[in-house]
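In each ligand, atom 1 is the first atom listed, and ligand 1 is the first ligand listed.
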Amino acid sequence: MNVLVINAGSSSLKYQLFDMETEKILAKGLCDRIGIDGHLKHKPTVSDKKVFDEAISLPTHAEAISIVIDKLTSDDYGVISCLSEINAVGHRAVHGGRKFFGSALINDEVIMILEDCIRLAPLHIPANLMGIRACQIAMPGVPQVAVFDTAFHHTIPEHAYIYPIPYKYYEENDIRRYGFHGSSHRYVSAIALEHLNNTTGDTKLITCHLGNGSSLAAVKNGKSIDTTMGVTPLEGVPMGTRCGSVDPSLVDIIAAIDDLSIKDTMDILNKKSGVLGIYGKSSDFRDIEIAAGYDMDTGFDDPDSSPDKRARLALDVFCYQVAKFIGSYIVALGGLDALIFTAGIGENSPYVRRAICDHLKGIGINIDEQVNAVRAGDFLDITAENSTSKVFVIPTNEELVIARDTMEIIFNRK
Ligand code: AMP
């Protein structure tokens with residue numbers, strides 16, 4: 001059984017083809033600059049097949065999918081012999097609104113509900129729908145599943161998801177905290193639970209998905225009870241280019257300073273803020289850590305560097321805010337068994353993990369700094385002997401969650 005996992009953005013489409021007997025990736029790739037000039041990077045994992053990495057015309061998502069299928073089935077680059085070897089398609093869907101508590105088999109009703117969710121995620125859902133429609137055209141009859149970023153957080157209690165604004169916006173317009181990165185929080189919390197070996201059934205985890213977009217979740221007994229992102233992914237900790245939680249009056253103030261519309265002001269908070277806004281030169285944590293004078297391997301000061309003050313400040317603001325949310329989630333959970341770091345920064349930056357955990361020493365959370373500098377690429381327990389809670393690094397795998405959910409929904413197989 002092979003499952004094709006699709007993550008469609010407005011001008012990009014990422015894919016991975018899984019063999020679900022082994023859960024191994026047969027091929028993966030990225031269609032980029034769709035609707036602009038087009039570029040495809042296709043990477044088979046089968047040794048005698050070639051990588052394709054070239055500019056190629058991709059006017060729409062439909063052409064992108066059809067070129068991906070060509071590559072997947074071609075003699076030189078392919079890993080399957082024909083289209084019928086794709087048994088199902090799983091789509092990452094960013095927002096499921098108040099209707100979806102789990103993954104769903106895509107049919108006309110699901111598409112209608114997704115269309116209704118556009119008002120909650122106007123940037124993301126139209127792109128997800130383009131991906132779904134493109135697959136329906138290219139692979140008629142192949143069952144498709146939507147896996148929602150918001151679904152894992154449907155267990156958040158009312159007191160954590162209701163915003164203190166007039167209640168009618170919740171009742172009439174579905175405005176509430178939804179949260180995102182659900183597949184990632186779900187995947188790493190399940191792995192952490194396996195390693196904790198806690199048989200009491202009473203477990204308290206905080207998962208920190210720290211990447212270009214970052215969010216934290218408080219996970220009690222395997223269920224999300226709070227998360228930092230809100231009705232949109234703008235809320236919570238500062239991110240690469242998003243401001244995270246700030247005083248909402250800033251919208252008014254910035255609009256007045258620069259004579260901007262609300263839309264243009266929101267663009268600043270979404271695309272020009274976060275660590276990019278503070279440092280000014282890059283949103284990439286590797287660039288910022290190097291500019292700040294940290295050794296990327298150890299996470300400690302690089303003695304040969306001349307640190308850029310704003311790069312250091314950007315990292316300080318980020319790590320402080322993440323630590324503050326961790327503190328608040330220890331309150332929400334009533335304690336902590338394990339703190340989990342995942343995603344591009346969480347998995348790869350010894351500096352960020354150490355700087356966040358430095359803020360947590362006062363509440364008994366300590367990491368082993370030697371182990372923290374190990375680049376494992378796999379599960380890593382960085383807990384120090386004197387720590388009151390475990391601290392784990394767990395590589396996330398959102399695509400595998402989507403592939404597994406797709407199998408479960410279509411073939412009733414876990
Ligand atoms: P993601 O969105 O999960 O792909 O994460 C992307 C972020 O991870 C970018 O800001 C990268 O700079 C960051 N990242 C990747 N590798 C490293 C590394 N070795 N050290 C620090 N940050 C990293």
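Every atom of ligand 1 with a heavy atom of M296 under 4.0 Å away is listed here by number and element: 18 (C), 19 (N), 20 (N). Contact atoms of ligand 1 toward G211: 1 (P), 2 (O), 3 (O), 5 (O) (distance under 4.0 Å to a heavy atom of the residue).
In this structure, of V275, N348, D287, L276, the residue bringing a heavy atom nearest to atom 17 (C) of ligand 1 is N348. Closest to atom 13 (C) of ligand 1 by heavy atom, among I290, T342, I345, D297, is I345.
Counting protein heavy atoms only, atom 14 (N) of ligand 1 is closest to G344 O, 3.6 Å. The protein non-hydrogen atom at the shortest distance from atom 10 (O) of ligand 1 is F285 N, 3.2 Å. From the protein, the heavy atom lying nearest to atom 6 (C) of ligand 1 is N212 N, 3.7 Å.
For ligand 1, one of its N or O atoms has an N or O atom of R286 under 3.5 Å away. Considering both main-chain and side-chain atoms, D284 comes within under 3.5 Å of ligand 1 through a nitrogen or oxygen pair. Considering backbone and side-chain atoms together, E289 places no N or O closer than 3.5 Å to any N or O of ligand 1.
Scanning for side-chain contact (heavy atoms from CB on, under 4.5 Å) contacts around K271 gives D267, with sequence neighbours left out. In this view, K281 and Y279, D308 satisfy the side-chain contact (heavy atoms from CB on, under 4.5 Å) rule, not counting sequence neighbours.
The main-chain N or O of T155 is never found under 3.5 Å from a side-chain atom of S224 such that the two would form a donor-acceptor pair.
Cation-pi geometry between K71 and Y77 is satisfied (NZ or CZ under 6.0 Å from the ring centre, within 45° of the ring normal). Cation-pi geometry between R98 and Y178 is not satisfied (NZ or CZ under 6.0 Å from the ring centre, within 45° of the ring normal).
At a distance under 4.0 Å, no protein heavy atom can be found next to atom 4 (O) of ligand 1.
Around the CG atom of D116, the shell of radius 6.0 Å holds more than 12 heavy atoms that belong to other residues, nucleotides or ligands.
When the options H124, R92, H181 are evaluated for a side-chain hydrogen bond (donor to acceptor under 3.5 Å, both in side chains) with D149, the one that passes is R92.
Distance CG/N128 to SG/C117: 10.5 Å, rounded to 0.5 Å.
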